[in-house]
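Okay, structure first, notes after.
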Amino acid sequence: MPELPDVEVFRKYVDRTALHQTIESVEVFAPDILGEVTPKQLQSKTKGHQFMSTDRHGKYLFTRLSNDGWLVFHFGMTGYFHYFKDSKQTPKHTRALFNFDNGHHLAFVLQRKLGSISATQEMDTFVKEQGLGLDALDDNLHPEAFKKALKEAKSSIKSALMDQERIAGIGNIYSDEILFQARLDPKTRANQLSNEDVDRLFEAMKEVLETAIDSEADPEKMPETYLLPHREKGGKCPVCHGEIETTKISGRSAYFCPNCQS
DNA sequence: ACATTGACCTGAGAGC
DNA sequence: TGCTCTCAGGTCAATG
């Protein structure tokens with residue numbers, strides 16, 4: 001799930017459920033998912049304090065604490081949040097659990113333990129340390145900056161889009177959708193794209209990510225002309241009705257329409 | 001220096 | 001039913 005649109009949906013979920021409630025305790029069931037912070041430090045940073053607001057950069061979700069600093073959540077390939085009251089509702093694979101004094105809980109759930117929780121004083125510091133590029137939906141990401149970030153890459157355009165140091169937030173699923181909407185072959189070398197191609201790609205990126213967020217990152221709610229609902233073995237292209245093909249690019253599975261994307 | 005591959009972790013689903 | 005194999009929306013270290 002968790003690429004930029006999914007994480008944005010999680011962010012809004014936290015905003016409408018878990019803000020402004022005093023944290024009584026944090027239970028960490030899988031200490032190995034903590035980065036640069038011990039369970040004890042996490043406890044002392046949060047106990048008696050509240051989540052005041054949220055922010056996001058790429059695939060990272062930040063929650064600001066009422067004392068100071070931020071917690072940083074990364075969802076790996078399988079992560080999500082679940083807010084609930086009845087303890088019987090605790091999801092399987094809950095790796096950390098925030099308990100609020102109003103009797104509610106926020107579970108950080110990861111099936112595969114590829115996500116993490118860390119802490120930082122300033123978001124900017126964290127972003128810099130991780131070497132992340134501008135967020136794909138950042139207003140400061142101008143077409144010229146986008147062009148520069150991508151055209152320097154010798155890799156395929158799909159890999160370049162997924163490179164978090166170039167632009168942050170795009171992963172395997174949405175790179176396929178963006179390239180489909182821009183009608184570009186995912187295997188094309190990034191540095192061989194024409195200026196026109198890159199302009200079209202930029203527009204497609206914004207459009208796809210915003211549409212996905214509006215659709216709550218649910219393929220069922222996306223436009224019929226999107227690849228996502230058809231991104232499966234034997235799927236048919238929603239535009240030309242030809243067969244969707246799959247291939248490996250940098251070790252990831254790419255889905256594309258050979259007829260529309262060339 | 002750069003891009004690509006393998007390792008990490010835990011299932012879910014397919015095929016036999 | 002139970003076993004094995006492949007695959008999964010992420011990133012990092014090792015490799016070429």
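Numbers restart at 1 for each chain; the letters A, B, ... are given by sequence-line order, proteins then strands. Side chains are part of it too, since the values below use all heavy atoms of this structure and drop only hydrogens, waters and symmetry mates.
Taking atom CD of residue A/E232 and atom C1' of nucleotide B/dG13, one finds them 14 Å apart after rounding to whole Å. Atom CZ of A/F29 and atom P of B/dT10 are 16 Å apart (whole Å). Here the C1' atom of nucleotide B/dT10 and the OH atom of A/Y80 are 14 Å apart, to the nearest Å. What separates NZ of A/K92 from P of B/dT10 is a distance of 12 Å, to the nearest Å. Counting to the nearest Å, the C1' atom of B/dC8 and the CD atom of A/Q111 are 14 Å from each other.
Ion pairing of A/K221 with A/D214 is absent here, as no side-chain N (NZ or NE/NH1/NH2) approaches a carboxylate O to less than 4.0 Å. Between A/K236 and A/E243 there is a salt bridge, since at least one side-chain N of the basic residue sits less than 4.0 Å from a carboxylate O of the acidic one. Using a 4.0 Å cut-off between charged nitrogen and carboxylate oxygen, A/E152 and A/K148 count as a salt-bridge pair.
Taking atom P in both C/dT11 and B/dA1, one finds a spacing of 24 Å when rounded to whole Å. Taking atom P on both B/dC9 and C/dA14, the two are 15 Å apart, rounded to the nearest angstrom. One P atom belongs to C/dG9, the other to B/dA3, and the distance between them is 22 Å to the nearest Å.
Shown are A/F75, A/F98, A/Y80; of these, the ring pair (Phe, Tyr, Trp, His ring centres under 6.0 Å) with A/F108 is made only by A/F75.
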Check the pair A/F126 / A/F62 against ring-ring contact (aromatic ring centres under 6.0 Å, His included), numbers first and verdict last. CA-CA 10 Å; A/F126 182 88; A/F62 298 79; 5.6 Å; yes

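Between A/H93 and B/dG11 there is a side-chain N or O to OP1 or OP2 distance below 4.0 Å.
Contact annotation for A/K233: no contact, since no heavy-atom pair falls under 4.0 Å across all strands.
Rounding to the nearest 0.5 angstrom, the gap separating the CG atom in A/L141 from the CG atom in A/L134 is 5.5 Å. Considering CZ of A/F84 and OG1 of A/T17, their distance stands at 11.5 Å, rounded to 0.5 Å.
Neither side chain, A/T78 nor A/R112, offers a donor N or O lying under 3.5 Å from an acceptor on the other. Between the side chains of A/H57 and A/D135, no donor-acceptor pair is found at a separation under 3.5 Å. Side chains of A/S194 and A/D197: a donor-acceptor N/O pair is present below 3.5 angstrom, by distance only.
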Output field dot_bracket for DNA chain B (Watson-Crick or G-U, both distances under 3.5 Å, | for other-strand pairs) contains .|||||||.|||||||

When you compare the protein's N or O atoms with those of nucleotides 1-5 of chain B, which come within less than 3.5 Å of each other, and at what distance?
residue: B/dA3; atom: OP1; partner: A/K154; partner atom: N; Å: 2.9
residue: B/dT4; atom: OP1; partner: A/R189; partner atom: NH1; Å: 3.4
residue: B/dT4; atom: OP2; partner: A/S250; partner atom: OG; Å: 3.4

Going 5' to 3' through nucleotides 9-15 of chain C and flagging B where a protein heavy-atom sits under 4.0 Å of the base, S where only the sugar-phosphate is that close, and - otherwise, we get BBBS---

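A chain of hydrophobic side-chain contacts below 4.5 Å, direct or via other Ile, Leu, Val, Met, Phe, Trp or Tyr residues, connects A/L179 to A/L4.
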